[in-house]
Amino acid sequence: MSRIFERISTAVLEGDDEESASLVHKALDKGETAADILNEGLLVGMSEVGVRFKAGDMFVPEVLMSADAMQAGMRILRPLLVAGGVKLIGKVMLGTVEGDLHDIGKNLVGMMCEGVGFEVIDIGFDVSPADFVAAVKEHQPDIVGMSAMLTTTMRAMGHTIKALTEAGLRDKVKVIVGGAPVDAAFAKKIEADGYGSNAPAGSDLAKELVGAA
Amino acid sequence: MQVRKTNYLVNATPTLQVLTEDEIEAIYFSALRVLSETGVRVYEPEGVELAYSHGAIVENADEKSSLVKIPSWMVDRARATLPHRVTVVGPPDRNGKRNYVMDLFKNQIYYGTGSDTPFTLDPYTGERRRATYKDVKNFAKLAQALPNIDFFMSLGITQDTAVGTYDRWQYLAMLEGTNKPINITAVDIEGLKDQLEMAYIRLGGKTEWKKGPAFSLYIEPVSPLSHSEEVVQKLLFCCDNDIPFVYTPCPLAGATAPCTLAGTAVQALTESLFGIVLSQLRKPGAQVIIGGLMSNMDMKTSVYCYGSPEMALLSAAYTDITKWLGVPEYETAGCSDTKLFDEQALMEATFNITTAGLIGGNMIHDVGYIEQGLTSCPEMLVASNEIIDRVKRILRGIPVTDDTVALDVMDEVGPGGHYLAHDHTYNRFKTEIWRPTLTDRRDYNDWTKAGSKTYQERVHERMIELLEADVEPLMDEAMFKELHRICELADERHKDEELDVQMFV
Amino acid sequence: MSDILETISTAVIEGDVDEMVDLTEDALDEGLSAQEILDNGLMAGMDYVGVEFKAGNMFVPEVLRSAKAMQTAMDILKPLLVESGAPMVGKVLLATVKGDLHDIGKNLVGMMCEGAGFEVKDIGKDIEPEAFVAAVKEFEPDVVGMSALLTTTMRMMGHTIKALEEAGLRDRVKVMIGGAPVTQAFADEIGADGYASNAATAADLAKTFVSAA
Amino acid sequence: MRTNYVINSGVRFSMFSQDQLEEMFWGVLHLLEYTGLDVMHDEAREILKGAGAWVEGKRVRLPSYLVKKSLQMAPRSFTLFARDGNPKHNIKIGPGRAHFGPGPTCTHFIDPETMERRPYTKADVPLVAKMVDALPNIDFCESLGTVGDVHYDLGALYEFAGMFPNTSKPIVAWSYDKFDSAGIHEIAVAEAGGQEAFEHRPNYVHYCEPLSPLVSTFEAIDKLIFAARHRIPLIFTPCPIAGGTAPITGAGIITQGAAESWMGLTLAQALQPGLPFFMGGVYSVMDMNTMILAYGAPELPLFMAGLTELAHYAGLPLWQTGGCTDSKTFDGQAMIEGSMSVFFSALTGGDLCHDVGYTESAMTGSLFQLCAMDEAIGYARRITRGIEVTDETLAVDVIKAVGPNGHYLKQPQTRKLFKTEFWYPNLIDRQDFESWDMSGRLTMKDRTIARVRDILATHRPSAVKPETHKVIEKVLEEAEDRVKDKK
């Protein structure tokens, strides 16, 4: 493996976004392809981050710094990858459902998804089913992630899925759900495609659903 | 002659202080800065208008919300009418007596349960599952039987009743099990109205409510600095209807609040102060209790810690602040991050129950919580009752008098003697020595002979015993039917909502 | 049961030391025999105390008070019982062994034994094997109880038993031992007749010794 | 800038007012002056008499000026040193600092492999020392048991010989008599590099226990004299039982126990002015039903907290008690009782808190209890550290930067402080339910067992000097020789 890739993955691991961006530029100058930089540099770093986090050796703020470093590189690479016809891992759209203002969990999932290479669109909190539908039409995500903190607002997840079905969009996206009162049984009941019990589980699930796991 | 002591200060109990008055002031004035310079976001036009018309600055309005900045003088004015004491009185027993009074003011402690966990551990199988009406009733029955549980909150969301109306059913389940003061939750204003009507019926009229409200309402603004439509509506309704309410944000240090504990306290206070200002504008003298649930995000697992030392410490610090402010405090204790009733549950509960008792937090809730507040555990409630009892022994302190210093007794017994048969011992052993109920102090032989039961096993047995005990119904059939009718009518109104009924079972 | 006996047993249970002399005299005046008063008044009360204590409803200071009440009556009854030739429950000799000044446990055993109707001779603490032998000769107890709180002084129990053997007294007494570091295994090893893990069991053990004898 | 204000460094806990402390202090002096103690040691009575005490037979009464003079001579602040010079293992005794360690003399031990309760043996000593050496919140070492498989007279010596090479944290040495004490001292001095070096940097503390009520036993005094003459920091710690060997009231037991300690103090200071001296020790109640000395009773932390304040009022460091339980097994009761007592120890800043790891009312030592209490101490220390209030921590600017509905996860302040502001547990589990479920549904007991076994398998304490090993062998040989004729 090229030395530059190792340095990129180290920059990601250390959460150094400036270093990561400048190394990506340097790699491109050296003639490395965007796809190689992504796969052998950035993603290698992030997968080590994932391993360390799960082992309890890295902490949330550090993971988020790494995700930032990854994104700093991705911002440079994304246009090149698109131009080169390389298929990106995918797009995740996230929102907290109608009636619910709690969005720290959703924010975390977003950052974790960015960390594994997704493009993330966050449509905020207190999002009505109709707004979800409109946003899916606009952004055409691969994954729709919904979050709810209350049992009373949980049901809005069901309503949103129903709205997607009625708009004929349900087949075009995978729907994942999460939040304190949610569990796998509920996800199944409202016919979501998956449930994540915490933020890393959410991003793992997203990867799995786009076939990148 | 025996002269009585004069000019002599006594620590009547052990004392604990997290923050000095100077530190409290530093936090308070910081909160005033945040409230006036950063402001809070309010999602209820009536609340925005109320604040605006009394001097608040309103900016950055969008279709849903406005940024409201409160000048410090408005806080000073609100504090002038803010009650220092709030009282909640449980419903009457069969003889018409309202025995359980929660009198909340500086340094008074009352322990109670937490509310609305989606899950519960089944009392018989220990399996984690969605909570039901029966569970809430069971928990209320346990709380009723446990002498150190002073108020009740629904240890479980009733999820075998309709989602849109669960709060009425939950209140009914609670009323079936206990006549201790209750801290309710409400789905929305309609749910709150229904529950208030139920309370009037249970008490025998609105006048009884005025003599002493039978419940308080739990209201939770969202951190950071956000006050939703429903939250503000509930607050205004409570002011209008003499309902005491708990205005308690749940900031999470490092995630929805600053990583520093002092910063988290500043933000929480800002959020609570907004509730205080709004309530006193709506109705001077409106009864507010502020909290409360402040903790840190565990940066390894990203969970909201309910058992961390930071939670206990922040709660205690906030109690110092509320004492200075002169407003009753909604403390937190008796809870853990464990997933089952194990050693961890009891270690964490011991620390937070002790801290809350020492600091003198008023309405100490969440007894019975495990798993970051997502699951209720009946054994945890029963065990905490005994831990609270232990702490109360310590809180009685060490009186220093001629009688307790006992120089004469020591002289009488002398070197090498003993005190077992002395009157000084005989007359005091029942009050001086705490007597356990679940704790085992037998020697190894006797303990082995009795089956080598662990603490958890003994607690489980005791819990089942309490659960299966025959008790008189707390209200007569007619009243129960009347209350039941309100719940049914609510269901009737919501019957067309999708995914509402039988959502989980 | 006659009223006066019931009153006596209640007074024992309540530890009413002050009343005991009057009550005992009254009972004798009524023509009851010392034996009757002992069996159906005092012992009936103490039996109840024993049951309640084991059930956790009575406490050490109360039991001691009851034992004291019983002893107060016994001071009157004893000469009469001796006169009538009625057999006493038995005699217990107690001491803490040489080198050990801890005697709270032994004191407790003594008071519990008194409560069970024994005549108790406490020869104190730091007692040499030779002093034990002398006391056994003088007092002629049925049961000898030894206590030690330290592992270093425990072995003095063995030495004392040996001294009793050498003096030819071992067969005339039952030896029971106790104290924090003592175990049944140790009791077996040094040839004691029994081991008690606490004061209440010690009194029970002493009773089984004399009833078996 | 803000001026003229007061902050708390750590939380503030207090049992008594100054008036109450003063009253109790004079109560102790009164007891020593009027009732006095029986001192069962001829030489000690002579020394005390020479210092100004009134002696009448065995009874010794101390005029209060003498006790006050002795209190003044004893230091409040000093350092106990790690034998290997590791500064992290030093213990700085002084205001506001609580330290923790195990206790001595349990007859039984929980076998780390089988989890069975069995007699404590020589082979267990190094295990205890290793655990102490590895656990971050355990500061000093005791053996957690009485060695049962060596000659009765030599248990204490074998304990020290087993502990000393296996931890560099300061040791508290218990002994039967002055012969043990001499052997122990020889080992410690060898490692320190001579008596004078030892006096400058003492690496162990000597422990003696008088008898309640109000008796200074021969052995306790004999050992005290040895320690004082060799300038070994000293713990003089009675174990009064409220309602049994002491008054049932808190103020009464504290007064009596303090008098018992201060008789030792007066003697020690008469022999060796300025000798570091800890008063102690285990103050609890007798359970009036089971008749045990309750190591898990709430009165224990209560009495100990009161005693700590009295000690500090008098200017002495305290030998505290905590982390112990009446439970017979590793269960919730053990956690409740142990956690509560270490918490109060930490709150009062009682200087050396011992008996961490005791179960079954001090009858059985347990590494599992010790390990779990290490967690509880960590927890307690986070609480007692309190909340730092400064312009930076008040974070008004950070709150402003984040604003309503934002989050703090990426704030530079969060990144800078999240490791120090929050405590991270070793045994407490904070996973969400699904993660916990998938990782094997372990209880805290399971995790504690795993941690104990992991430490025993992997931890390597620093070594003692090679010559110290030789001294240890020599001391043990000589001791065996001394007792070989005794049965």
Side-chain angles (χ1 to χ4, degrees), chain A residues 52-64 96 98-105 107-109 111-112 124-129 131 148-163 178-183 185-186 188-191 196-203, chain B residues 41 43 64-65 116-119 128-131 156-159 162-167 170 185-188 191 220-224 226-231 250-252 254-257 259 296-304 371-375 497-505:
Chain A
R52 291 196 188 178
F53 181 59
K54 270 175 199 141
D57 298 330
M58 273 184 88
F59 298 81
V60 173
E62 292 166 339
V63 174
L64 300 183
T96 302
E98 184 164 29
D100 212 323
L101 271 59
H102 297 86
D103 67 345
I104 187 71
N107 290 339
L108 258 177
V109 172
M111 292 182 272
M112 293 289 175
F125 51 85
D126 194 11
V127 179
S128 69
D131 288 347
M149 261 298 286
L150 309 168
T151 45
T152 43
T153 54
M154 262 168 83
R155 56 190 162 152
M157 292 178 162
H159 299 162
T160 305
I161 289 179
K162 207 160 177 207
V182 181
D183 62 1
F186 178 76
K188 206 170 163 194
K189 180 140 197 156
I190 61 169
E191 293 172 345
S197 69
N198 57 44
S203 63
Chain B
R41 201 149 265 283
Y43 290 76
K64 280 181 179 169
S65 67
D116 287 47
T117 60
F119 305 98
R128 177 187 187 260
R129 55 165 175 75
R130 296 268 170 193
I157 303 178
T158 57
Q159 284 159 103
V163 176
T165 58
Y166 84 88
D167 51 351
Q170 198 163 284
T185 59
V187 175
D188 47 25
E220 182 189 321
V222 178
S223 292
S226 174
H227 302 261
S228 71
E229 180 184 20
E230 162 223 320
V231 156
C250 300
L252 184 57
T256 62
C259 178
N296 60 306
M297 174 178 275
D298 179 76
M299 291 301 184
K300 282 191 178 182
T301 58
S302 77
V303 302
Y304 193 124
E371 198 205 324
Q372 298 107 27
L374 291 178
T375 298
E497 284 176 25
E498 286 168 74
L499 269 172
D500 279 358
V501 185
Q502 306 298 306
M503 178 160 129
F504 304 107
V505 284

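Each chain gets a letter, A, B and so on, in the order the sequences are listed, and its residues count up from 1. Owing to the predicted nature of the structure, the values given are computational and were not obtained by experimental measurement.
If you measure heavy-atom distances from B/E220 to chain A, the contacts under 4.5 Å come from the side chain alone. Heavy atoms closer than 4.5 Å to chain B are found nowhere in A/A185, neither backbone nor side chain. Both the backbone and the side chain of A/D126 come within contact range of chain B, each with at least one heavy atom under 4.5 Å from a heavy atom of that chain. Proximity to chain A (any heavy atom under 4.5 Å) is shown, for B/S228, by both the backbone and the side chain.
When side chains are defined from C-beta on, A/L108 counts as touching B/M297, because their heavy atoms get closer than 4.5 Å. Put simply, the side chain of B/V222 does not reach to within 4.5 Å of the side chain of A/F125, judged on heavy atoms. Within the 4.5 Å cutoff, the side chain of A/I104 has no heavy atoms near those of the B/Y304 side chain.
Residue B/K64 holds its NZ atom at 8.0 Å from CG of A/L101, rounded to the nearest 0.5 Å. Expressed to the nearest 0.5 Å, how far CG of A/D183 lies from CZ of B/R129 amounts to 13.0 Å. Of the inter-residue distances, the one linking A/M111 atom CE with B/S302 atom OG reads 10.0 Å to the nearest 0.5 angstrom. Taken to the nearest 0.5 Å, the CG atom of B/D116 stands 6.5 Å off from the OG1 atom of A/T151.
Across all their heavy atoms, B/M299 and A/P61 have their closest contact at SD-CD, 3.4 Å. The minimum heavy-atom distance between B/R130 and A/F186, with the atom names listed, is NH2-CB, 4.0 Å.
Residues satisfying the ring-ring contact (aromatic ring centres under 6.0 Å, His included) test with A/H102, not counting sequence neighbours, are none. Residues forming a ring-ring contact (aromatic ring centres under 6.0 Å, His included) with A/F59 (at least two apart in sequence, or on another chain): D/F418, D/Y424.
Annotation: maximal heavy-atom pairing with chain B below 4.5 Å, among A/D103, A/T152, A/V182, occurs at A/T152.
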